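Below: one structure, written as structure tokens.
Counting from 1, the numbers follow the sequence of the chain as shown. For clarity, every value in this text was computed on a predicted model and none was experimentally measured. When a ligand or atom number is given, it counts from 1 through the structure's own listing order.
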Amino acid sequence: MQQWTVLGICGSLRQGSYNAALLRLAERTTLETRFIGCDLAGQLPLFNPDMEEDTPNLPAAVREFRACADQADGLVIATPEYAHGPAGVTKNAIDWLIGSGGIMNKPTLLLSASPGQAGGMRAQTPLMPTLTLLGSILVDCVVVSRAAARVAENGEFHDATVAERMKLAMGEFTDALRHSSHKKAT
Ligand SMILES: Cc1cc2nc3c(=O)[nH]c(=O)nc-3n(C[C@H](O)[C@H](O)[C@H](O)COP(=O)(O)O)c2cc1C
């Protein structure tokens, strides 16, 4: 079976994060993908173009994150919604990938979860112009409302509707990986 390498970006630093749980659900939904770098977005410094110009001295977390992005065939981004926009951690991670090119023209799946009724969908919309500018191939996103009621005691999503929605999204995502120009699956 082909296995695609996927960069996971989680925009939450919170212990017990619903978005981190959603990213883990994406990861275990299909054996066709192997997720890397899922814990790195929170370790990145704030994006600064001056640091970017000093390539040999880039912080280790940035180098590792960019290497993961270069290696990845696609991206899955799980972002919280703060004040009707995306978490700064999410946008910061994307900013670090603009100059390196690791995000360019790759299939990308956006996820969000929130205890509220909109499920964090307003965090996704402002990211879309940036991602499409970078050539991302966006597949249908997953939005999970009332997240608190849908996770089990162990913090993982147990809700059958959420699992089914993720299965459909990951199916579309892996189709996009198959049809993208990268085709590096092993
Ligand atoms: C400062 C702040 C602003 C928030 N704004 C929103 C919002 O606009 N919409 C929403 O659905 N949830 C909002 N929330 C609730 C978050 O969606 C909730 O904390 C969520 O659990 C964050 O994601 P995480 O579980 O992955 O950390 C906000 C939370 C904080 C702390």
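The closest side-chain heavy-atom distance from Val143 to Ser114 is not below 4.5 Å. With a 4.5 Å cut-off on side-chain heavy atoms, Leu111 and Ile77 do not count as touching.
In summary, Arg66 and Glu52 engage in a salt bridge, as defined by a charged side-chain N under 4.0 Å from a carboxylate O. Taking the charged nitrogens against the carboxylate oxygens, Arg178 and Glu32 do have a contact shorter than 4.0 Å, which makes a salt bridge.
Near ligand 1, residues Ser12, Arg14, Ser17, Tyr18, Asn19, Pro80, Glu81, Tyr82, Ala83, His84, Ser114, Pro115, Arg122 come within 4.0 angstrom through at least one heavy atom.
Shown are Asp70, Thr108, Val76, Leu97; of these, the side chain to side chain contact (heavy atoms under 4.5 Å, CB included) with Leu7 is made only by Leu97.
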Let me have the donor-acceptor pairs involving side chains of residues 129-141, under 3.5 Å, with sequence neighbours excluded, atom names and distances please.
from	atom 1	to	atom 2	distance (Å)
Thr132	OG1	Met128	O	2.8
Thr132	OG1	Pro129	O	3.2
Ser136	OG	Leu131	O	3.0

